[in-house]
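Quick notes on the structure that follows.
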Amino acid sequence: MEAAVTTCYRHPKYETYVSCTRCERFICPDCMREAAVGHQCPECVKEGHKSVRQARTVFGGTVAGAAAPVVTYTLIALNVLAYLGELARPDLVDRFGMIGWAPMGPEDGGYPVPTLVGVAEGEWYRLFTGAFLHLRPTGGSFGIMHIMMNMFCLWNVGRTVEDQLGRARYAGLYLLSALGGSVLVYLIAPHTLTVGASGAIFGVSASYYVLCRRLGRDMRAVNRFMAGLMIWMVVSALFASWQSHLGGLLTGALASLALAYAPRKHRTAIQVAAGAGMLVLLIALVLMKTSALTAG
């Protein structure tokens, strides 16, 4: 008696006599996946991956291995694109830079008539958009130096922090630090237009310090890096916003303490709660300052 012809369950036109070692369905060479014993079909391999516990870092981030630091690359790209946009349209600085409350007119951002602008006027987006701009309203060569130094620091430190925290935690840390920097500017110098990713990068740098201490790394090189960062903050006070630097540094440090030292059992819940708590605090400070500025 002639044996029945068996075909691949995914490709019925292919005759085959090899079956999946898990579900025993027949599979063709295109569907065969190497297994410890024999071959498996794509569906069984996919199902098996679901049952494998994914390795995580001490801080809860997924162990990326050789994966690219996508968030760091994306942030650098966004900053560079924003800078190119500023070169093409300098008025973007006045329209999207971080400012609390100030009058602007045709000579500033191209407004048709003198207009009150800023966070106090409901332009909350400035708390974030200002952290992606680097060209000062006065122009000059500082803009290119500003973005080059910031992106160099982000490239070196950001990749390490992203590798340890994972993409979601790292992105949240960056944005929260950027907001913290803008909020301190709003509280202390609300009438000054400021731009730059320095607040966010100081926050990431503070996180780098906290994570290294948590991991028990040799702190000598890290301490030298942080000392250089402090010197840069003092020097930059001559031509940049020290308030943004300090605000980002403090926010990043506090957020990283929760990320680094949350108990493993309830790690994610505590980290999310701490981040949400800091966000609520920053929003409350903005509301209080807005009320003080616009009173009467």
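Both backbone and side-chain heavy atoms feed into the values below; hydrogens, waters and symmetry mates do not. Here, residue 1 is the first one in the sequence, and each next residue gets the next number.
- Aromatic pair Tyr83/His134: ring centres not closer than 6.0 Å.
- For the pair Glu162 (side chain) and Arg167 (backbone), a donor-acceptor distance under 3.5 Å is absent.
- In this structure, His191 NE2 and Ile99 CD1 are separated by 9.0 Å, a value rounded to the nearest 0.5 Å.
- Ring geometry for Phe225 versus Tyr208: interplanar angle over 60°, hence perpendicular rather than tilted (30 to 60°).
- In this structure, the side chains of Arg33 and Pro42 come closer than 4.5 Å at one or more pairs of heavy atoms.
- Judged as a salt bridge (charged side-chain N to carboxylate O under 4.0 Å, His left out), and not counting sequence neighbours, Arg159 has no contacts.
- Going from atom CZ of Arg95 over to atom CD of Glu123 covers 9.0 Å, rounded to the nearest 0.5 Å.
- For the residue pair Ile27 and Cys41, the shortest heavy atom distance occurs at CG2-CB, 3.7 Å.
- Linking Ile, Leu, Val, Met, Phe, Trp and Tyr whenever their side-chain heavy atoms come within less than 4.5 Å leaves Trp124 and Val280 in two separate clusters.
- Ser177 contributes no side-chain N or O that, together with a main-chain N or O of Gly199, makes up a donor-acceptor pair within less than 3.5 Å.
- Placement of Leu285 and Leu287 within a single hydrophobic cluster is found when ILVMFWY residues are connected by side-chain heavy-atom separations under 4.5 Å, directly or transitively.
- Formation of a donor-acceptor pair under 3.5 Å by the Arg22 side chain with backbone atoms of Cys44 is found in this model.
- Under the 4.5 Å side-chain contact rule for hydrophobic residues, Val272 and Leu179 do not share a cluster.
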Walk me through it: do Gln243 and Tyr186 pass the test side-chain contact (heavy atoms from CB on, under 4.5 Å)? CA-CA 9 Å; Gln243 297 94 339; Tyr186 189 42; over 6 Å; no
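- When Glu43, Gln40, His39 are each tested for a side-chain contact (heavy atoms from CB on, under 4.5 Å) with Cys20, only one passes: Gln40.
- For Leu154, the side chain to side chain contact (heavy atoms under 4.5 Å, CB included) criterion is met by Thr72, Leu75, Ile76, Met151, Tyr170, Tyr174, Ile201, not counting sequence neighbours.
- Side chain of Ser207 to main chain of Gly203: no donor-acceptor pair is present (N/O by atom type, distance under 3.5 Å, no hydrogens or angles).
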Check the pair Thr194 / Arg126 against side-chain hydrogen bond (donor to acceptor under 3.5 Å, both in side chains), numbers first and verdict last. CA-CA 10 Å; Thr194 61; Arg126 289 178 180 267; over 6 Å; no
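- With rounding to the nearest 0.5 angstrom, the CZ atom of Arg25 is 13.5 Å from the OG1 atom of Thr16.
- The nearest pair of heavy atoms linking Ile147 to Asn79 is CD1-O, 3.5 Å.
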Using the rule given for side-chain hydrogen bond (donor to acceptor under 3.5 Å, both in side chains), can you reason through His11 versus Asp30, listing the C-alpha separation, both sets of side-chain angles and the distance that settles it, and then say yes or no? CA-CA 9 Å; His11 305 99; Asp30 290 339; 5.5 Å; no
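- The distance from atom OG1 of Thr7 to atom OH of Tyr17, rounded to the nearest 0.5 Å, is 10.0 Å.
- Within 6.0 Å of atom OH in Tyr125, more than 12 heavy atoms from other residues, nucleotides or ligands are found, so the atom counts as buried in its surroundings.
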Between Ser19 and Phe26, does the side-chain contact (heavy atoms from CB on, under 4.5 Å) criterion hold? Intermediate values first, please. CA-CA 4 Å; Ser19 61; Phe26 288 97; 4.2 Å; yes
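- By the 4.5 Å heavy-atom criterion applied to side chains, Leu250 and Phe202 are not counted as neighbours.
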Give the C-alpha distance, both sets of side-chain angles, the deciding distance and a yes or no for side-chain contact (heavy atoms from CB on, under 4.5 Å) between Leu282 and Leu176. CA-CA 9 Å; Leu282 292 173; Leu176 198 60; 4.1 Å; yes
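- The minimum heavy-atom distance linking Val222 with Cys212 is given by the pair CG2-SG, 3.9 Å.
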Take Tyr73 and Trp155 through the test side-chain contact (heavy atoms from CB on, under 4.5 Å) and record every step on the way to the result. CA-CA 8 Å; Tyr73 290 163; Trp155 168 262; 3.1 Å; yes
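- Of all the heavy atoms in Thr251 and Gly180, the pair that sits closest is OG1-CA, 3.3 Å.
- Transitive grouping of hydrophobic side chains (ILVMFWY, heavy atoms separated by less than 4.5 Å) keeps Ile270 and Leu254 in distinct clusters.
- Val210 and Ala253 get closest at one heavy-atom pair: CG2-O, 4.3 Å.
- Atom-to-atom distance recorded for Met98:CE and Leu133:CG is 12.0 Å, nearest 0.5 angstrom.
- In this structure, CE on Met219 lies 8.5 Å from CE on Met226, to the nearest 0.5 angstrom.
- The two residues Phe132 and Glu86 have their closest heavy-atom pair at O-OE2, 4.5 Å.
- Met288 and Ile283 are members of different hydrophobic clusters when ILVMFWY side chains are connected at heavy-atom separations under 4.5 Å.
- Side-chain contact between Lys289 and Val119 is absent, with no heavy-atom pair separated by less than 4.5 Å.
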